[in-house]
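A note on names: the letters A, B, ... follow the listed sequences, proteins ahead of strands, and every chain is numbered from 1.
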2 protein chains.
Amino acid sequence: MTVTRGERKERTRRAILDAALTLCEDSSLVALSLRQVAKEVGIVPTAFYRHFDSIEDLGLALVDESFVSLRAMLLDVRRSDPAFDDTIDSSIDILVDHVRRQHQHFQFIVRERGAGPVSVRTAINREIELCQQELATDLARLPGTADWSPEDLRILSALIVTAMVATAEAIVRSPDSPEVEKQIVEDARVQLRMVLIGALNWRSRT
Amino acid sequence: MTVTRGERKERTRRAILDAALTLCEDSSLVALSLRQVAKEVGIVPTAFYRHFDSIEDLGLALVDESFVSLRAMLLDVRRSDPAFDDTIDSSIDILVDHVRRQHQHFQFIVRERGAGPVSVRTAINREIELCQQELATDLARLPGTADWSPEDLRILSALIVTAMVATAEAIVRSPDSPEVEKQIVEDARVQLRMVLIGALNWRSRT
DNA sequence: CCTAGCAGTGGACATGTGTGCACCGTCACG
DNA sequence: CGTGACGGTGCACACATGTCCACTGCTAGG
């Protein structure tokens with residue numbers, strides 16, 4: 001009795017999630033069949049239903065899981081606080097490191113955000129919007145944004161999130177040669193700097 | 001003999017392309033079956049092969065077609081040239097108008113860029129990179145970028161293209177209520193202004 | 001005119017798919 | 001100590017899918 005009943009269940013649940021993640025590496029949820037997953041896990045197709053109602057349901061679970069780890073990362077970013085110009089570099093480093101470690105999760109999110117069952121798509125986009133809002137409140141705490149309108153803060157953070165998502169996409173898509181990756185990271189740094197310089201000169205000119 | 005043989009062929013070819021585009025509105029190429037397309041068009045499954053080798057082949061044709069019209073749009077943008085601050089607004093207007101008109105094409109590209117067969121994905125991304133390069137040479141002609149390095153030009157144009165793609169995504173994804181769309185457009189304007197202000201203050205500070 | 005070529009047909013086949021049902025063995029709890 | 005709940009099995013069914021093949025009818029070109 002070293003392993004309880006619930007542990008066993010959780011273990012095959014994990015196996016299903018991992019199998020789905022792996023199979024999604026070069027396809028998409030909508031092209032993923034229950035039977036493929038079952039075969040990959042090593043269970044019989046109908047056993048799948050003991051854990052999820054449908055592939056779509058599985059997808060929602062994967063979205064949750066992915067964003068749990070992503071939010072953990074964002075906490076790290078926020079902890080690395082307020083020494084200004086260094087914040088950009090360290091934030092990007094954390095982002096890139098996380099993308100590398102959670103490669104499958106990011107690949108999944110990036111892919112299913114556009115394709116994927118409607119419920120999954122909306123879940124992902126809702127989550128990303130949430131990230132934008134949090135970033136906006138963070139930005140509000142920064143020096144120099146005192147007189148910004150909430151609207152402008154929202155728009156700025158949307159722009160930054162878009163750029164970061166694009167960076168994550170690029171890393172996930174690229175072959176993981178260290179030089180290509182270094183290039184992508186460097187580009188992201190420069191882009192963020194450009195955006196922030198634009199932000200610093202914003203209210204003062206318009 | 002009012003319609004020639006070749007015209008008939010071209011006509012059902014178009015019908016296939018349109019059917020695929022329509023069916024892709026709420027799924028993805030990888031989840032699209034030859035038989036669905038055939039049924040939608042009203043031909044027998046095997047007749048499909050008279051026009052395309054496979055669904056993947058069909059996808060590549062759709063990519064070509066989509067970017068032909070997109071490049072036509074970019075020509076319009078370039079024609080609207082060099083009165084500075086107005087360029088942003090008119091460019092975005094053209095973009096938005098085109099997205100609305102070529103709704104299916106954009107939806108297709110946005111979706112298959114992340115999901116979709118590998119060949120389709122790479123074709124799309126190659127095409128987008130091309131757009132970035134063209135934008136970079138356009139930017140080089142603008143006043144104030146005389147002393148910019150080619151690297152920085154490339155990075156700036158990548159940022160702008162990313163933001164524009166994100167805008168197109170948002171429009172395609174949103175319900176087409178005019179107010180929501182107006183909001184998206186307004187956000188895009190502000191973002192572009194922020195980026196350009198950052199660009200104008202770029203070399204002068206680093 | 002008539003014949004070869006070609007878009008489109010119709011049926012068939014092997015294989016993959018979601019899901020219903022009866023069943024089994026074992027851990028957990030009263 | 002039992003017994004019931006539950007994770008997992010095995011089989012079955014009704015369909016969907018990609019592709020092969022022999023075919024038909026029209027039309028464009030010699």
Side-chain angles (χ1 to χ4, degrees), chain A residues 1-62 65 112 115-120, chain B residues 1-62 65 112 115-120:
Chain A
M1 199 202 280
T2 108
V3 291
T4 158
R5 202 173 180 77
E7 282 173 328
R8 284 217 172 277
K9 175 159 187 178
E10 181 56 28
R11 196 171 303 176
T12 81
R13 189 189 140 95
R14 261 256 62 83
I16 292 179
L17 291 168
D18 289 342
L21 240 18
T22 300
L23 291 175
C24 275
E25 273 178 13
D26 38 25
S27 185
S28 158
L29 252 200
V30 293
L32 189 59
S33 81
L34 191 156
R35 285 178 118 102
Q36 285 177 54
V37 181
K39 180 171 291 183
E40 176 88 5
V41 175
I43 59 177
V44 89
T46 44
F48 176 91
Y49 292 114
R50 301 287 181 199
H51 303 271
F52 301 98
D53 285 348
S54 61
I55 291 285
E56 192 167 328
D57 192 24
L58 205 194
L60 291 176
L62 285 174
E65 183 173 87
E112 305 308 325
V118 224
S119 62
V120 173
Chain B
M1 198 203 278
T2 110
V3 291
T4 158
R5 201 174 182 74
E7 281 174 329
R8 284 220 171 275
K9 175 160 188 178
E10 181 55 28
R11 196 173 301 177
T12 82
R13 189 188 139 97
R14 261 257 60 81
I16 293 178
L17 291 168
D18 287 343
L21 239 18
T22 299
L23 291 175
C24 274
E25 271 178 15
D26 39 24
S27 186
S28 157
L29 252 199
V30 293
L32 189 60
S33 81
L34 191 153
R35 285 179 116 103
Q36 284 178 54
V37 180
K39 179 170 294 180
E40 177 88 4
V41 176
I43 59 176
V44 90
T46 44
F48 176 91
Y49 292 114
R50 300 284 180 199
H51 303 271
F52 301 99
D53 286 347
S54 61
I55 291 284
E56 192 167 327
D57 193 24
L58 205 193
L60 291 176
L62 285 175
E65 183 173 87
E112 304 310 325
V118 226
S119 62
V120 174

*Asks:* So do A:V41 and A:H51 actually touch side chain to side chain, heavy atoms under 4.5 Å?
*Replies:* no
*Asks:* Using every non-hydrogen atom in the two residues, find where B:L17 and B:A61 come nearest and quote the distance to one decimal.
*Replies:* CD2-CB, 4.2 Å
*Asks:* Please state how far atom OH in A:Y49 lies from atom C1' in C:dC21, giving the value in whole angstrom units.
*Replies:* 13 Å
*Asks:* Taking atom types as they are modelled, is there a donor-acceptor pair under 3.5 Å from the base of C:dG18 to the side chain of A:T46?
*Replies:* no
*Asks:* Please give, in whole Å, the distance from D:dG8 C1' to A:I16 CD1?
*Replies:* 11 Å
*Asks:* Between A:K39 and A:D53, which has a closest nucleotide on DNA chain C that is more 5'?
*Replies:* A:K39
*Asks:* Any heavy-atom pair between the side chains of A:R50 and A:I43 that's under 4.5 Å?
*Replies:* no
*Asks:* Taking atom C1' of C:dA7 as reference, at what distance in whole Å does atom CZ of B:F52 sit?
*Replies:* 14 Å
*Asks:* Quick one: CZ on B:R35 to OG1 on B:T46, what's the gap to the nearest 0.5 Å?
*Replies:* 9.0 Å
*Asks:* Under 4.0 Å between a side-chain N/O of B:Q36 and OP1 or OP2 of D:dT17, yes or no?
*Replies:* yes
*Asks:* Using the 3.5 Å cut-off, write out each protein N or O paired with an N or O of nucleotides 3-7 of chain D and the distance between them.
*Replies:*
residue	atom	partner	partner atom	Å
D:dC6	O2	A:R5	NH2	2.9
D:dG7	OP1	A:K9	NZ	2.8

*Asks:* In whole Å, I'd like the distance from the CD1 atom of B:I43 to the C1' atom of D:dT24.
*Replies:* 17 Å
*Asks:* Could you state the CZ-P distance from B:F48 to D:dG18, rounded to the nearest angstrom?
*Replies:* 9 Å
*Asks:* Less than 4.5 Å apart, any side-chain heavy atom of A:L32 and any of A:C24?
*Replies:* yes
*Asks:* Under a 4.5 Å cut-off applied to non-hydrogen side-chain atoms, are B:E7 and B:E10 in contact?
*Replies:* no
*Asks:* Using only side-chain N and O atoms of B:S54, determine if any of them is under 4.0 Å from OP1 or OP2 of D:dG18.
*Replies:* no
*Asks:* Mind calculating the distance between CD (A:E56) and P (C:dT19) to the nearest angstrom?
*Replies:* 11 Å
*Asks:* What is the separation between atom CG on B:L32 and atom P on D:dT17, rounded to the nearest whole Å?
*Replies:* 9 Å
*Asks:* Mind calculating the distance between CZ (A:R35) and P (D:dG10) to the nearest angstrom?
*Replies:* 13 Å
*Asks:* Considering non-hydrogen atoms only, spot the tightest contact between B:L62 and B:A20 and give its length.
*Replies:* CD1-CB, 4.1 Å
